[in-house]
Structure formats: C-alpha cells, structure tokens
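Note on naming: letters A, B, ... go to the chains in the order of the sequence lines (proteins, then strands), and numbering restarts at 1 for each one. From a predicted model like this one, the values you see are computed outputs, not experimental measurements.
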Amino acid sequence: MKLIINGQPQEVATDITLQVLLESQRIAPNSIALVRNGVITPRSSWHTTQCLPNDHIDIFSAVAGG
Amino acid sequence: MTKPITALTSRQFMRYSRQIMLPHCGEAGQLTLLNAHAVIVGVGGLGQHVAQLLAAAGVGRLTLIDHDTVALDNLPRQTLYRDSHVGQAKVLVAARKLRQRYSDCNVDTVIEPFGAPTQQQLPRADVVLDCSDNFACRHALSEASYQQQLPLVSAAIAAEQAWLAMFTANDIAQFGCLHCVFPADTQTSQSCASNGVMGSAVATVASLQADVALRYLLGATSQLAGQMLHIDFGALQFTKLQRSRDPLCENCASPLRKCS
C-alpha cells in the first residue's frame, strides 16, 4: 500500500503498525516524534496503530537544543 | 512582594504606545504586563532573546534560571553577551544588562540547573518559559509546571529543525503535556553543540516563544491551543501539528488511566 512519508510516496507492506513501519525504516523510536495525518501520535500507541493506505506520516527528530 | 502598579506614568504610556495600540493589549494589558512575573529556564540562545523581548515589552519581573557560563562559541547567537563576558555566569550578565536597559523590569537570578535536587520547584509566576537545551531539564520542567499548574511555553531548536508549544492545565487535560510528545526515555542526537545552529533561526524561534507568552499574559486567544508548531528552516516551512494526550503518560495521565 502507499504511504506518504515525510512528503514522499512510498510503497510499504499492508497491515503494518507504526512501530513496524519505523523498524522497516531503521529509525530509533525514542529519538523522534511521529505525526499521522497531522496528529502527533503518542509513542505508547505506535505498536497498536495500523497504517492505512494513503496515510501521511511525518517523522521529526526529537530536538532539544536551546 | 512589590506593590502592584495600578496606573501607567506618562513616560510608560509613551514608551509602550505601539503595543498599547494593539486591540489585545491596550492600557489595561500593559498594566498586566508590568505586574506580570515570567520565569525563564535557560538563558542561552533562546532564553537571552526571550528575556530581552519580555523585558522590553514591559514584563515587570523576570526570574532567570541557568547554571551555565558564557562561552566564545555562544556569541554569534547569544547577542546579549560579548567577548568580555566569556567565563561569567549567564544569568548574572543577563540580569545586569536587562536592568541597565529596561528600568521597569526587576530581575531575579538562580545559578543552578533546573531539575537539580534544590531546584525541583518553580517560583510562583504567571508563565514559565522553557528555553533549556536538554530533555532532562525539559522533562523536569514539564513535571513541575504540571504539578504546580503553571503555564509552560516550551521551544527547542537544533540545526534547521525547531518546535514550539504551550502547555496549560486546561490544554493538557485535552491534548496532553510535553511527555505525551516526547516521553522520558527520549534520546536526542540533535543539539546545537552537536549539529550546529544559525543565530537568525534561534532568534526567530525565541521571538515566536516570547510572542506566545506575551499573548498568554494579555489574555489573548492562544495561537497554539492543543498544537505544536514544527519549523523546518531548510524549507522555511511552518506546520501546526495537533497534539494528543497519551493515556499512559508518565506525567499527566492519572494513576487510574495508567492501570486501565
């Protein structure tokens, strides 16, 4: 199925969770925030949240500098 | 306890006239600012800009909290400091400069990192600004401000990425706290020290952070209710993201919710 990840269309396996998506992208889950269709999704629900076709997924780094 | 200011002097009226003209400020709003107390945690890149903007706007009392000293590589973005300040405590230099420039502003200083054993509680204030540079301090502030029910305006930047959010008790009840976005085990490889940052970008984020705080103090409608602003300076893209409460949040979820 197609997802829009950080603005770029990508084909991924169907029936995957956000957690599996991150693993497939080799992204360390505790170093990012994840936005699904404009909503920041809490990390505790990534392993149960299914990606749906054409979901817009935005991943941004956990920035802490000041 | 200082006596509340109940009327503007002629000089104050002239000095703040451009912001008094604004419908969300007015004379009453300016009095509110002159009687307001803001706590700024971190007076590095973000904090020293925020402190200048709040003091210049007439915020009557600032408490600056930071244990750090001025370093040479701070100077391109921390424009309150200069070469002769290298090695001096940032809060002391900042307080001295602010007192010289802004006679309406009283400045208190704390030379300790927030989150240290003696720095777990925030002073009673009207707003708290998180201008720190690490998640340990940011999480300590998120916990303290939630427990003490103090509004928190938090911002961060590294390289070309930044974010800004405001957390109030009402807002947290619906949309969650900082921990809901970045839980306590969050690791970052993105800091100004490791990834660099441009002073102009830091000043932009600090200005937005100060604006959010000033509007809150004035009782104006929040521009970021339930949201987090993400900024990508590389694409000059500003995106408002909807926040959502984590039912398992270690900070703001009730014990009942955590067990359910």
Side-chain angles (χ1 to χ4, degrees), chain A, chain B residues 41-47 50 130-138 154-159 161-163 165 175-176 179-183 185-197 202 205-206 209 227-228 230 232 235 237 239-250 253:
Chain A
M1 72 179 169
K2 186 177 82 174
L3 297 178
I4 315 297
I5 303 175
N6 286 347
Q8 299 297 317
Q10 280 194 43
E11 286 295 326
V12 301
T14 52
D15 296 329
I16 60 168
T17 62
L18 292 172
Q19 183 80 35
V20 172
L21 174 69
L22 291 176
E23 285 165 8
S24 72
Q25 305 273 323
R26 295 185 178 148
I27 294 170
N30 63 352
S31 66
I32 59 148
L34 196 151
V35 183
R36 178 170 175 254
N37 300 325
V39 181
I40 299 171
T41 306
R43 198 179 295 166
S44 66
S45 67
W46 291 353
H47 67 292
T48 56
T49 304
Q50 293 283 330
C51 297
L52 298 173
N54 299 311
D55 269 354
H56 286 248
I57 308 291
D58 293 298
I59 297 161
F60 66 88
S61 300
V63 168
Chain B
V41 180
V43 283
L46 293 174
V50 166
D130 172 9
C131 304
S132 62
D133 64 359
N134 63 86
F135 271 119
C137 183
R138 291 182 182 283
S154 193
I157 182 168
Q161 305 293 312
W163 57 263
F175 301 107
H179 285 71
C180 296
V181 182
F182 298 116
D185 66 346
T186 299
Q187 302 285 323
T188 183
S189 57
Q190 301 273 317
S191 70
C192 298
S194 63
N195 293 67
V197 75
V202 175
V205 177
Q209 191 177 13
Q227 296 175 316
M228 173 175 276
H230 179 257
D232 178 350
Q237 186 167 309
T239 309
K240 282 184 172 180
L241 307 169
Q242 190 66 49
R243 295 177 3 237
S244 54
R245 190 172 193 181
D246 181 356
L248 300 176
C249 177
E250 59 264 72

Quiz item: Side chain, backbone, both or neither: which part of B/Ser132 has a heavy atom under 4.5 Å from chain A?
Solution: backbone

Exercise. Heavy atoms only, distances under 4.5 angstrom: which of B/Pro183, B/Cys137, B/Ala162 has the most pairs with chain A? Name it, please.
Key: B/Pro183

Quiz prompt | Between B/His179, B/Gln227, B/Arg243, B/His230, the one whose heavy-atom pairs under 4.5 Å with chain A are most numerous | solution = B/His230

Quiz item: Could you state the interatomic distance from OG1 (B/Thr188) to CG (A/Asn30), rounded to the nearest 0.5 Å?
Solution: 10.0 Å

Practice problem: Report the option among B/Cys180, B/Ala206, B/Ala156 that has the most heavy-atom pairs separated by less than 4.5 Å from atoms of chain A. | Solution: B/Ala156

Quiz item: Is there any salt bridge (charged side-chain N to carboxylate O under 4.0 Å, His left out) pair reaching into residues 36-54 of chain A, and which pairs are they, with sequence neighbours excluded?
Solution: A/Arg36-A/Asp55, A/Arg43-B/Asp185

Quiz item: Which pairs with one or both residues in residues 11-26 of chain A pass side-chain hydrogen bond (donor to acceptor under 3.5 Å, both in side chains), sequence neighbours excluded?
Solution: A/Gln10-A/Gln25

Quiz item: If you look at every heavy atom in A/Val63 and B/Trp163, which pair is closest and at what distance?
Solution: O-NE1, 2.8 Å

Exercise. Give a yes or no on whether the backbone of A/Ile40 and the side-chain of B/Ser244 come within a donor-acceptor separation of less than 3.5 Å.
Key: yes

Quiz item: Where does A/Ser44 contact chain B at under 4.5 Å (heavy atoms): side chain, backbone, both or neither?
Solution: both

Practice problem: Write down the atom of A/Pro42, the atom of B/Arg245, and the distance for their closest heavy-atom approach. | Solution: CG-O, 3.9 Å

Self-check item: A/Val39, part contacting chain B, at a heavy-atom distance under 4.5 Å
Solution: both

Quiz prompt | Over all atoms of both residues, closest heavy-atom pair of B/Phe182 and A/Ala33 | solution = CE2-CB, 3.8 Å

Quiz item: Hey, what do you get for CG (B/Asp246) to OG1 (A/Thr41), rounding to the nearest 0.5 Å?
Solution: 10.5 Å

Practice problem: Check A/Gly65 against B/Leu46 and note the closest heavy-atom contact, atom names and distance. | Solution: O-CD1, 4.3 Å

